[in-house]
Amino acid sequence: MTSAAKITEAQASAGALAGGSPHWTEVGSRAAAAHPDLRWYIVHAYLGMEKAVERNIQERIHRAGMQDKFGRILVPTEQVVEMKNGQRKTTERRLFPGYMLVEMVMDDDTWHLVKHTNKVKGFVGGSKNRPPSISDAEVQSIVSHMIEGADKPRHKMELMVGEQVRVKEGPFTDFNGTVEEVNYEKSRVRVSVMIFGRSTPVELEFGQVEKA
């Protein structure tokens with residue numbers, strides 16, 4: 001079974017991602033999906049430019065007529081929950097900021113196409129022009145994480161009892177305190193702060209605190 005077939009099977013068995021999309025971009029042809037040398041490689045992009053790089057690579061593939069040597073491009077993301085102005089909001093963030101996965105047949109032509117795409121820093125690992133591929137199991141793990149995150153988004157901020165935080169909004173702004181209790185269901189945290197020399201517990205929203 002090819003790399004493409006294995007990843008597709010893993011995604012299908014785990015269930016569709018939010019909106020029914022696997023969050024990867026198909027850039028190759030059907031012939032490429034069956035190519036025995038099709039592998040996934042890690043590409044280092046400029047931070048915050050991952051989606052632009054994805055588009056740029058796709059355009060260059062089509063201009064060069066190399067669809068038979070490319071499969072898919074994946075920018076790993078996850079769904080996170082945060083509180084803004086008292087409202088619970090789900091947003092998307094990069095799992096590996098500045099990095100993306102490209103499924104391709106590695107040779108001199110494909111290496112040059114990706115490496116010299118605007119906003120690409122290069123491939124990760126290996127020799128200068130022959131980077132190592134990553135295993136199907138690693139890609140399947142990333143896809144599974146994305147699927148699980150779409151079904152049950154994580155909180156953008158994860159706090160632990162005993163952790164030090166700083167209040168950044170509200171009447172206790174700039175107070176430092178210690179986390180006493182975390183309520184992820186309500187996105188609220190109880191923090192012990194020093195008021196007039198006494199430890200006083202205050203109830204705050206996640207958005208009102210930051211890690212000290």
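Using modelled atom types, one finds a donor on one side chain and an acceptor on the other under 3.5 Å when comparing T117 with R60. A donor and an acceptor atom, one from each side chain of T178 and S192, are nowhere located under 3.5 Å apart. Side-chain contact, E138 with S135: a donor N or O sits under 3.5 Å from an acceptor N or O.
Summarising the geometry, atom CE belonging to M66 is positioned 4.5 Å from atom CG belonging to D109; distances are rounded to the nearest 0.5 Å. Atoms CD1 and CG, from I61 and D68 in turn, are 11.5 Å apart once rounded to the nearest 0.5 Å. Interatomic distance, NZ of K121 versus NE2 of H44, reported as 4.0 Å (0.5 Å rounding). Here K119 contributes atom NZ and M49 contributes atom CE; the two are 5.0 Å apart, rounded to the nearest 0.5 Å. Put simply, CG on N183 and CD on E203 are 8.5 Å apart, with the number rounded to the nearest 0.5 Å. Rounded to the nearest 0.5 angstrom, L113 CG and D108 CG are separated by 12.5 Å.
Using a distance-only test at 3.5 Å, with no hydrogens or angles considered, no donor-acceptor pair links the side chain of S133 to the main chain of W40. Under a 3.5 Å cut-off, the side chain of E59 and the backbone N or O of N56 do not form any donor-acceptor pair. The backbone N or O of R72 lies less than 3.5 Å from a partner atom in the side chain of E103, making a donor-acceptor pair. Judged by distance alone, with hydrogens and angles left aside, the side-chain atoms of S144 form a donor-acceptor pair with the main-chain N or O of Q140 at under 3.5 Å. In this structure a side-chain-to-backbone donor-acceptor pair under 3.5 Å is missing from E180 to V191.
Residues F172 and F175 place their aromatic rings such that the two centres sit under 6.0 Å apart.
The nearest pair of heavy atoms linking M100 to V75 is CE-CG2, 4.0 Å. In terms of heavy-atom proximity, P132 sits nearest to Y41 at O-CD2, 3.5 Å. Annotation for M104 and W111: closest pair CE-N, 4.1 Å, computed over non-hydrogen atoms. Closest of all the heavy-atom pairs between V193 and G177 is CG1-CA, 4.0 Å. Closest of all the heavy-atom pairs between H62 and V27 is NE2-O, 4.0 Å. Residue V114 comes nearest to I57 through the heavy atom pair CG1-CD1, 4.2 Å, listed as atom of the first residue, atom of the second, then distance.
In this structure, the side chains of E163 and K211 come closer than 4.5 Å at one or more pairs of heavy atoms. Looking at heavy atoms from C-beta onward, K168 lies out of side-chain contact with V209 at the 4.5 angstrom threshold. Counting heavy atoms from C-beta outward, M160 and V182 have side chains that stay 4.5 Å or more apart. Looking only at side-chain heavy atoms (C-beta outward), I42 and F123 stay at 4.5 Å or farther from each other. Using a 4.5 Å cut-off on side-chain heavy atoms (C-beta onward), V120 and V43 make contact. At a threshold of 4.5 Å between non-hydrogen side-chain atoms, the residues M106 and P131 count as touching. At least one side-chain heavy atom of R94 sits under 4.5 Å from a side-chain heavy atom of K51. Within the 4.5 Å cutoff, side-chain heavy atoms of R166 are placed close to those of D174.
Residues L101 and L95 fall within the same hydrophobic cluster, defined by Ile, Leu, Val, Met, Phe, Trp and Tyr side chains chained together at heavy-atom separations under 4.5 Å. Under the 4.5 Å side-chain contact rule for hydrophobic residues, V179 and I195 share a cluster. Under the 4.5 Å side-chain heavy-atom criterion for grouping Ile, Leu, Val, Met, Phe, Trp and Tyr, V161 is not connected to V189 through any hydrophobic cluster. Residues Y99 and L47 fall into different hydrophobic clusters, defined by Ile, Leu, Val, Met, Phe, Trp and Tyr side chains chained together at heavy-atom separations under 4.5 Å. Linking ILVMFWY residues whenever their side-chain heavy atoms come closer than 4.5 Å, directly or via other members, leaves L204 and M194 in distinct clusters.
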side-chain contact (heavy atoms from CB on, under 4.5 Å) between F96 and I142, worked out: CA-CA 10 Å; F96 310 109; I142 292 170; 4.0 Å; yes
Check the pair L74, V143 against side-chain contact (heavy atoms from CB on, under 4.5 Å), reporting the backbone distance first and the verdict last. CA-CA 9 Å; L74 177 65; V143 172; 4.3 Å; yes
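Salt-bridge annotation for D136 and R39: absent, with no side-chain N of the basic residue lying under 4.0 Å from a carboxylate O of the acidic one.
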